[in-house]
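Questions regarding the structure given below will be posed in turn.
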Number of protein chains: 2
Amino acid sequence: MTLRNLQYIKHTLAGHGLKVTHQRMVIYQVLQDTDTHPAAEGIYEKIKKIIPSISLGTIYKTLEVFVEKGLIKRINTSEGNMRYDARMDNHNHIYCTNTKEIIDFKDEELEMLIRDFLKRKKIGNFNLKEFRLHISGEKIDPGKHIEIT
Amino acid sequence: MTLRNLQYIKHTLAGHGLKVTHQRMVIYQVLQDTDTHPAAEGIYEKIKKIIPSISLGTIYKTLEVFVEKGLIKRINTSEGNMRYDARMDNHNHIYCTNTKEIIDFKDEELEMLIRDFLKRKKIGNFNLKEFRLHISGEKIDPGKHIEIT
DNA sequence: TCTTCGTTGATAATAATTATTATTTAATTT
DNA sequence: AAATTAAATAATAATTATTATCAACGAAGA
């Protein structure tokens, strides 16, 4: 965690009306450095290595506050637990039903395609916030990565 | 529940390798007649009106079995509970973040658009099963319906 | 009808999350 | 810089959602 990052994180938290605490800084930093969309428990394990005294309740509370303030997003899953995403730009998700991985997938063309479609297709009495394509299936070799070309 | 439907449901359950029981028939029928994507608790309330002796555990077990056999689908949500969808054709979902409603939205053009895109965009080491567009936002008047035109 | 085996209902157990509260910490005031 | 205030944290209890267990029951075939 560089000094530059530290300042940036402080600024981000404060800018969202949050009191800057060590716990929040570390949690936010760890989320920023993760693209695996972890659950609370997984985040807890990572943070414990940095702040051994952290409480699981603090993780939950902090995640809730971050979601509320628009710093991170909750991810839609059909599993029994919640997962989080610190990436706030529009992007899609690929779900692997056996490894439970959620892989980011950004594509400008797809985004334009859908955005354009939705512009034509009017949804009345509804204030559209965002859209995301959920692609689901199974990795063929669970040990290897998915490759998008 | 007409006699015709009864026969159809029996056939559907048996056709998926399930023993035909009164509970399963009623649960499947109710799911078929619902497009609100209810949670287990909501389904339980509906079924209790028809089979007062039903147990919540039976609802959960039955839903699990139905999902496993491909009769219904679990829906991805960012809430703390699971929701179910008996509609098995490809369609998309509109999420209202304040009423927690999930509204079906089917559009052939959109489907073609995405299907065509995915055909060009190859995802390696991945066996694609399905895709769905998740649209989220808020109803402007929560008392009224969303209108897609 | 009898038998078999899966299903159901009742309930206990577990997992995930939220709530509570005393203590600690950051920010504010003096 | 010390004192004050208000909010955040840690520890833990409580709640919610879901899954597991098991005796009794019911469906389907012999």
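These values consider heavy atoms only, across backbone and side chains, with no hydrogens, waters or symmetry-generated copies. Values in this document were obtained by computation on a predicted structure and should not be read as measured data.
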* **No-H, no-angle donor-acceptor pair, A:T21 side chain to D:dA8 base, under 3.5 Å** =>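 Check fails, no donor-acceptor contact within cut-off.
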* Between atom CD in A:E79 and atom P in D:dT19, what is the gap in whole Å? ->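 Taking atom P of D:dT19 as the reference, CD of A:E79 is at 10 Å.
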* To do: Determine whether the side chains of B:D85 and B:H91 contain a donor N or O and an acceptor N or O closer than 3.5 Å.
  =>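 Yes.
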* Give A:V20 one of three labels, base, sugar-phosphate or nothing, depending on what nucleic acid heavy atoms sit under 4.0 Å from its own. =>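 Sugar-phosphate contact only.
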* **D:dA10 phosphate, OP1 or OP2, under 4.0 Å from A:Q23 side-chain N/O** =>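 Yes, such a contact exists.
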* Asked: Taking atom C1' of C:dT7 as reference, at what distance in whole Å does atom CD1 of B:I59 sit?
  ->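 These atoms are roughly 13 Å apart.
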* To do: Starting at atom CG of B:L56, determine the distance to atom P of C:dA10, rounded to an integer number of angstrom.
  => 12 Å
* Please determine if a side-chain N or O atom of B:S55 lies less than 4.0 Å away from the OP1 or OP2 oxygen of C:dA10. =>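 For B:S55, the contact criterion (side-chain N or O under 4.0 Å from OP1 or OP2 of C:dA10) is not met.
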* Electrostatic pair A:D35-A:R87, nearest N-O below 4.0 angstrom ->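 The answer is no: the pair does not qualify as a salt bridge.
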* Asked: If you take all heavy atoms of A:K144 and B:N125, which pair is closest and at what distance?
  ->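 Residues A:K144 and B:N125, closest heavy atoms: O-ND2, 3.2 Å.
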* Hey, does the side chain of B:Y60 come within less than 4.0 Å of D:dT19's phosphate (OP1/OP2), counting only N and O? ->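 No.
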* To do: Mind calculating the distance between CG (A:N81) and P (C:dT14) to the nearest angstrom?
  =>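 After rounding, the reported distance stands at 19 Å.
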* Rounded to whole angstrom units, what separation is found between the OH atom of B:Y44 and the P atom of C:dT8? -> 14 Å
* To do: Go through the steps for B:Y95 and B:H134 under the test side chain to side chain contact (heavy atoms under 4.5 Å, CB included), then give the verdict.
  => CA-CA 7 Å; B:Y95 291 78; B:H134 287 225; 3.0 Å; yes
* Calculate the interatomic distance between B:L63 atom CG and C:dT8 atom C1'; express it in whole Å. =>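 Taking atom C1' of C:dT8 as the reference, CG of B:L63 is at 14 Å.
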* DNA chain D: 5'-proximal contact among A:K61 and B:A40 (nearest heavy atom) ->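 The 5'-side residue here is A:K61.
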* Asked: Rounding to a whole Å, what distance do you find between A:E64:CD and D:dT9:C1'?
  -> 14 Å
* Whole Å only: how far is the CD1 atom of B:I54 from the C1' atom of D:dC25? ->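 Whole-Å distance recorded here is 14 Å.
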* Asked: Between B:K19 and B:G57, which has a closest nucleotide on DNA chain C that is more 5'?
  ->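 Its nearest nucleotide lies further toward 5', so the answer is B:K19.
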* Asked: Which listed nucleotide (C:dG9, C:dT17, D:dT9) is nearest to the side chain of A:R24?
  ->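 Selected nucleotide: D:dT9.
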* Excluding sequence neighbours, so at least two apart, what forms ring-ring contact (aromatic ring centres under 6.0 Å, His included) with B:Y60? -> none
